[in-house]
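I have placed the structure first, in the form of structure tokens, so that the comments after it can refer back to it.
Excluded from the calculations below are hydrogen atoms, water molecules and symmetry mates; all remaining heavy atoms, backbone and side chain alike, are included.
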Amino acid sequence: MLLNIEKLIYGGDGLARLPAGSDGNKPGGRGKAVFVPFVLAGEKIEAVITEEKPGFARANAGTIVEPSPYRIPPPCPHFGRCGGCQYQHISYEHQLAIKKEILRENLRRIAKLDLQCEIQAHPSPRWNYRNRSRLQVETRPDFAAGYFKLSSHELLAVEECPISSPLINRGIAALWQAGRAGKAVEGVLEVEFFSNADDTKMLLEFLCAPEARRAAVRAWAEELCAAMPEIVGVVAFRTPQKGVQEPLVAVGASELTYQTKTAAYRVSAGAFFQTNRFLIDELITIVTAERTGDLALDLYAGVGLFSTALARTFRHTVSVESSHAASDLKYNLPVNGKAVQAATEQYLTNSYRAYEHPVRVGAGDSPIQPPSDKDKADKDKEKDKVRTGMGVDLFHNPDLLVVDPPRSGLGDPVARALASLSAPRLTYVSCDPATLARDLVPLQAAGYRIEEVHLVDQFAQTYHLESVVQLVR
């Protein structure tokens, strides 16, 4: 079947359409959408339909009849089978252009927003940029490590990954060497490598099946540390049971120090940290440069990547993180920073209640006493004095809001709660253009307007899209 590729969409596929009138479509109407991987806009392809649904179909490209001028030979031998990369067949400059257009189109389609500003692109080195890579592991019938195949949970054996750092690739080689020597342990399902900023030290995480034997896992961890001195530690976890991830074994260090131009961050095993080792400093600058004031509120703060930098120019920072990374966050923040371990929605809800019915909280976060008669008489002023354990105004209108949510975005309750804070500036760091566009709707309705949009290409060679939107009101 001959298909014309209209455009690339978020997720990596190209969009084509079946001929109008085919497959029961009304003559003269739009044909059914067909999604095709590893193609480019403007290409004409011979396609094979692999799946049909009532509203769409999927196909694979057989022959590229008319290739795009932006098509290049992919350098990785696994490209097209591996589920990790989707854009290696596209020149890098055009990858950036595609991502900018996808971001712009999502904002237009979902948020009904026609950007009045240029999307500022921040390119990445093409290769060896990842400081974290997670490989699947099998020990039967033979050892293998690698990534899942495209659109499956079948393992594709990979011994070298061109987007991972050189040290991580050495770690992958050491993993394979141990596996071939029969030292791999049954029950280790995943091995994740995390390297530091200058790619000289590495922390490993194992994800283990419930039946994995502690002594055997420890022995293999010790073997890997001995074989590669750059491995500072191995931390093994069992697969989560009822939402709880149980530590199994720790050999050596359980955290890594990640040095940026701004600060040194402690990052413990299992804690989130930005992945592109070449763009971390640039991302910090985009979010924090020229921002000053009394209070900055950093939500979904992780280990404090942004709030640690903001603490240099704000009198106080309050940082909220729900995961166990909150312990790193507390460690990394300077004395004028306050770490709160809570889900963002829970934090905003509880703080709003405190704002409506202020109760002072002193050192140690222990309630002291209700407001005095004098405080009650000055209620408007008191609303700005909901306090944290170090005496910081926690919920008076912050000068800056920073949010860096997961792919699921903020959601309507959080977006509306943020809008109610009336902060003059809000910075949204997004890893999903669709949820970003959805969340911008209530923010715009509350009076926020977009001042700047940045595309930070944290994930070169893939469809993943990191953006930073600066909003003001």
Side-chain angles (χ1 to χ4, degrees), residues 8-12 86 95-96 98-124 272-276 279-280 282-289 291 296-302 305-307 309-310 319-323 343-345 348 400-419 423 425-446 448-460 462-473:
L8 264 60
I9 60 172
Y10 187 67
Q86 300 81 31
Q95 290 184 34
L96 291 176
I98 290 168
K99 291 183 180 184
K100 287 171 72 172
E101 181 52 36
I102 288 173
L103 176 56
R104 189 179 293 276
E105 193 273 337
N106 272 266
L107 295 176
R108 183 170 54 245
R109 178 173 54 86
I110 299 171
K112 311 303 180 188
L113 175 65
D114 283 316
L115 283 180
Q116 301 302 307
C117 61
E118 179 63 27
I119 298 175
Q120 302 177 50
H122 302 263
S124 167
F272 171 78
F273 199 75
Q274 295 291 343
T275 302
N276 190 311
L279 289 181
I280 289 173
E282 192 159 356
L283 181 62
I284 294 172
T285 298
I286 293 167
V287 172
T288 67
R291 301 290 177 255
L297 180 58
D298 183 13
L299 304 175
Y300 312 93
L305 183 68
F306 302 129
S307 45
L310 289 168
S319 309
V320 181
E321 172 57 41
S322 63
S323 75
T344 291
E345 185 172 358
L348 292 172
L400 173 67
L401 291 171
V402 175
V403 295
D404 184 8
R407 294 192 195 285
S408 56
L410 302 174
D412 192 65
V414 170
R416 292 183 183 278
L418 293 178
R425 302 196 69 94
L426 190 157
T427 299
Y428 191 137
V429 183
S430 167
C431 56
D432 188 294
T435 56
L436 166 67
R438 177 204 66 198
D439 293 338
L440 287 176
V441 173
L443 294 175
Q444 287 184 103
Y448 280 102
R449 60 179 177 81
I450 292 178
E451 182 180 60
E452 293 180 0
V453 179
H454 298 260
L455 170 66
V456 187
D457 196 25
Q458 297 255 56
F459 310 103
T462 82
Y463 73 84
H464 295 290
L465 198 160
E466 187 95 358
S467 59
V468 180
V469 179
Q470 306 276 10
L471 299 124
V472 295
R473 66 187 300 178

Can any side-chain N or O of R407 pair as donor or acceptor with the backbone N or O of C431 at less than 3.5 Å?
yes
Could you tell me which non-hydrogen atom of F306 sits nearest to which non-hydrogen atom of T288, and how far apart they are?
O-CG2, 3.8 Å
Residues that D439 engages under side chain to side chain donor-acceptor pair (under 3.5 Å), provided they are two or more places apart
Y428
Has E466 got a side-chain atom pairing as donor or acceptor with Q458's backbone, closer than 3.5 angstrom?
no
Taking all atoms of both residues into account, what is the closest heavy-atom pair of D457 and P123, and its distance?
CB-CA, 4.5 Å
Okay, side chain of R473, backbone of A446: is any donor-acceptor separation there less than 3.5 Å?
yes
When rounded to the nearest 0.5 angstrom, what distance separates CD1 in I119 from NE2 in H454?
11.0 Å
Rounded to the nearest 0.5 angstrom, the CG-OG distance for L465 and S430 is 7.5 Å
Locate the shortest heavy-atom distance separating P405 from Y300; write the atom from each residue and the value.
CA-CG, 3.7 Å
What distance do T427 atom OG1 and L471 atom CG have between them, rounded to the nearest 0.5 Å?
7.5 Å
List the steps, then state whether side-chain contact (heavy atoms from CB on, under 4.5 Å) holds for V287 with V468.
CA-CA 8 Å; V287 172; V468 180; 4.3 Å; yes
Taking all non-hydrogen atoms of both residues into account, name the closest pair between L418 and Y448 and its distance.
O-OH, 4.5 Å
Minimal non-hydrogen separation, V414 against L410, with atom names:
CB-O, 3.5 Å
Is there a donor-acceptor contact under 3.5 Å from the side chain of K99 to the main chain of H464?
yes
Audit row: L305, D404, side-chain contact (heavy atoms from CB on, under 4.5 Å) steps and yes/no
CA-CA 10 Å; L305 183 68; D404 184 8; over 6 Å; no
Please report, to 0.1 Å, the donor-acceptor pairs under 3.5 Å made by any side chain of residues 111-118, with sequence neighbours excluded.
| from | atom 1 | to | atom 2 | distance (Å) |
| --- | --- | --- | --- | --- |
| K112 | NZ | R109 | O | 3.1 |
| Q116 | NE2 | D114 | O | 2.9 |
| E118 | OE2 | K100 | NZ | 3.1 |

Just verifying a value: how many Å separate H122 NE2 and L279 CG, rounded to the nearest 0.5 Å?
9.0 Å
Check: G302 main-chain N/O paired with E321 side-chain donor or acceptor under 3.5 Å:
yes
Taking all non-hydrogen atoms of both residues into account, name the closest pair between V441 and I110 and its distance.
CG2-O, 4.1 Å
Kindly check if the number of other-residue, nucleotide or ligand heavy atoms within 6.0 Å of CZ (R438) is above 12?
yes
